[in-house]
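Convention: sequence-line order gives letters A, B, ...; per-chain numbering from 1. Worth knowing before you read on, the calculation uses all heavy atoms, side chains too, and leaves out hydrogens, waters and symmetry mates. These numbers come from a predicted model, not from an experiment.
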Protein chains: 2
Amino acid sequence: MTAHWDGRIEALAERLRSRGYRLTPQRLAVVEALLADGSHPSAADVSAKVRERHPMVSLATVYQTLDVLKELGEVLELDFGEGFSRYDARHPYPHPHAICARCGAVHDVHDASPIDIAAWASRATGFAIHGYRLDFYGLCPCCRGSDTSSAPEGS
Amino acid sequence: MTAHWDGRIEALAERLRSRGYRLTPQRLAVVEALLADGSHPSAADVSAKVRERHPMVSLATVYQTLDVLKELGEVLELDFGEGFSRYDARHPYPHPHAICARCGAVHDVHDASPIDIAAWASRATGFAIHGYRLDFYGLCPCCRGSDTSSAPEGS
DNA sequence: TTCCGTGCAAAGAGTTTGCATCTGT
DNA sequence: ACAGATGCAAACTCTTTGCACGGAA
């Protein structure tokens, strides 16, 4: 299967080198782990994925590589108030997310907004808007049907 | 001066008592600190403010009180990815914020959105949307004019 | 008197950093 | 060969928790 992030590994490798960063096996492994699926992995998720095939890559290296990728604008750090960060290397630009309160899944929302919310906010606030974040909380289509209660855990 | 949160201290006191919570001097001090100004204070900010007049109130008590207030729905916990949470007791319901990248100020956006973004997101994602957060990043009107560079710190 | 709340200090989670060793270019 | 990257462990920040004391109902 092909998708728009095909070739992103090669592009990233080139980008790293041209900016004076070395392309180490560890960095390659982190990039591969980030792009492996459409999820929004935490640093621990990335580390676990990397260790499946490169058991000696340390968590510190994962964090350091994520920092480099953030600096290059090739990964987006997402904080949903869970106590840790998630990362998105497939779509490293601001876009809305929908978070399921029951199963915890994070979905990307790629539909174009019917309005230019940044322009609206600029008008409403007087700010020069550089970016935004828009997160929706609710039940994903899957969890909507499978349970009448919306709480992740019974209190 | 009067504002819509006048009487909120009294209302909160009543709410606490009716729910079986005690109204202690510490809790009153935390509530006062939260409502003192329109900023979006962190727990440390609240603690500092409380200690101006009640030096023996511990940080743990501040956190515990914030938990109670969150449970009552009287304070909103906000996480802007700064590594700590901020709290809003004046407007404890979801509303957009605008964060200045230069001075760090957090402004409330009270203008009504021109569209029902929750309805849009529901249509776009199939989620049952329960809530959302919308944060804008940029330069506040004050910082816009005072400096041509947008970085909080020179790198 | 009976709990609930407090203060202290220690524990906890996630992230960052110092330093000696190793490696891509 | 040399600058930069790695791995380990310790440090750091914010937040939560255990426990004995203290005060309100």
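- A donor-acceptor contact under 3.5 Å is not formed by the side chain of B:Arg22 with the base of C:dG5.
- Side-chain N/O atoms of B:Ser85 include one lying less than 4.0 angstrom from OP1 or OP2 on D:dT15.
- As rounded to whole Å, 22 Å separates atom P of C:dT23 from atom OH of A:Tyr21.
- Distances shorter than 4.0 Å separate none of the side-chain N or O atoms of B:Gln64 from OP1 or OP2 on C:dG7.
- Between A:His54 atom NE2 and D:dA5 atom C1' the separation is 16 Å, expressed in whole Å.
- Of the candidate nucleotides D:dC14, D:dT16, C:dG7, D:dC14 has the atom lying nearest to any side-chain atom of B:Phe84.
- When the side-chain nitrogen and oxygen atoms of B:Arg27 are compared with OP1 and OP2 of C:dG5, one or more of them lie within a distance under 4.0 Å.
- Counting to the nearest Å, the P atom of D:dG4 and the CZ atom of A:Arg17 are 16 Å from each other.
- Between the P atom of C:dA10 and the CG atom of B:Leu59 lies a distance of 16 Å, rounded to the nearest Å.
- Nearest-nucleotide positions on DNA chain D place A:Gly20 closer to the 5' end than the other of A:Gly20 and B:Ala44.
- For B:Thr24, the listed nucleotide lying nearest its side chain is C:dG5; candidates were C:dC8, C:dG5, D:dG7.
- Comparing B:Val57 and A:Gly83, the nucleotide of DNA chain C nearest to each residue sits closer to the 5' end for B:Val57.
- Between A:Gln26 and C:dT23 there is no side-chain polar atom (N or O) within less than 4.0 angstrom of OP1 or OP2.
- Taking atom CG of B:Leu66 as the reference point, atom C1' of D:dC14 lies 13 Å away to the nearest angstrom.
- Atom CD of A:Glu77 and atom C1' of C:dT16 are 12 Å apart (whole Å).
- When the C1' atom of C:dT23 is taken as reference, atom CG of A:Leu28 falls 15 Å away, rounded to whole Å.
- Side-chain atoms of A:Arg8 come within 3.5 Å of backbone atoms of A:Ala89 as a donor-acceptor pair (strictly under, hydrogens ignored).
- Classified by interplanar angle (parallel below 30°, tilted 30° to 60°, perpendicular above 60°), the ring pair A:Phe80/A:His97 is perpendicular.
- Checked against C:dT15, D:dC8, D:dA5, the side chain of A:Tyr63 finds its nearest nucleotide in C:dT15.
- The shortest distance between the side-chain N/O atoms of B:Ser58 and the OP1/OP2 oxygens of C:dC8 is not below 4.0 Å.
- Side chain of B:Ser122 to main chain of B:Phe127: a donor-acceptor pair is present (N/O by atom type, distance under 3.5 Å, no hydrogens or angles).
- By the 30° and 60° cut-offs, the orientation of the rings of B:Phe136 relative to A:Trp120 is perpendicular.
- Here B:Leu23 lies out of heavy-atom contact (under 4.0 Å) with every strand.
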Evaluation steps, side-chain hydrogen bond (donor to acceptor under 3.5 Å, both in side chains), between B:Asp45 and B:His40: CA-CA 9 Å; B:Asp45 293 336; B:His40 297 73; over 6 Å; no
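- Remark: P of C:dC4 and CZ of B:Arg19 are 15 Å apart, rounded to the nearest angstrom.
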